[in-house]
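Since the structure comes first, as structure tokens, the remarks are kept for the end.
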Amino acid sequence: MHEHDDTGDKLEHAYFCYLADKFEREPELLEIPLQTISRWRERGTWGGEQLSRWEKLIQAARVSQTDLQRLAGVLRADDEETLFFKGFDPFPGVLSTQEKQQFICASRH
């Protein structure tokens, strides 16, 4: 029997928790995912419904501490629905190369 190695799942969850922490400390970084969404739309990317949902969450988080906490809660959530939603995350470019290194899972195969 083959056991599931959940290292990647744990790293992905840690990545989103790290993003939540970073946005709480530096809310001005919320501009980066909004620019990403805009670029993706210009290119005609799929996942428009999820990108619109992200955009609304992020726009609200820019103007309200309550909504910033709501966004952080979504980023920290670990349920199936939220995991699917996170599959469309617009956060490339928020973390530095050095920060990203801690979330890379090296295959043991």
Point to revise | Phe16 vs Asp78 side-chain heavy atoms within contact, under 4.5 Å | key: no
Point to revise | Residues that Gln65 engages under side chain to side chain contact (heavy atoms under 4.5 Å, CB included), provided they are two or more places apart | key: Leu68, Gln69
Point to revise | ring-ring contact (aromatic ring centres under 6.0 Å, His included): pairs with one or both residues in residues 48-79, sequence neighbours excluded | key: Trp54-Phe85, Trp54-Phe91
**Study point:** Residues in side chain to side chain contact (heavy atoms under 4.5 Å, CB included) contact with Ser52, at least two apart in sequence or another chain
**Key:** Arg41
Practice item. Please identify each residue that fulfils side chain to side chain contact (heavy atoms under 4.5 Å, CB included) with Gln98, with sequence neighbours left out. Key: Ser96
**Study point:** Residues forming a salt bridge (charged side-chain N to carboxylate O under 4.0 Å, His left out) with Arg62, sequence neighbours excluded
**Key:** Glu31
Check your understanding: With the threshold set at 4.0 Å, does a side-chain nitrogen-carboxylate oxygen contact exist between Glu12 and Lys86?
Key -> no
Study note, to complete from the structure: Nearest heavy-atom contact between Phe23 and Pro33 is CZ-CG, 4.3 Å
**Study point:** CD/Glu49: more than 12 non-hydrogen atoms of other groups inside 6.0 Å
**Key:** no
Check your understanding: Taking all non-hydrogen atoms of both residues, which atom of Lys100 and which atom of Leu95 are closest, and how far apart?
Key -> CE-O, 3.2 Å
Check your understanding: With sequence neighbours left out, what residues match Arg39 under side chain to side chain contact (heavy atoms under 4.5 Å, CB included)?
Key -> Gln35, Thr36, Arg43
Review point. For Val94 and Leu19, which heavy atoms make the closest approach, and how far apart are they?
Key: CG1-CD2, 3.7 Å
Practice item. Provide the closest heavy-atom pair for Leu51 versus Ile37 in the form atom of the first, atom of the second, distance. Key: O-CD1, 3.9 Å
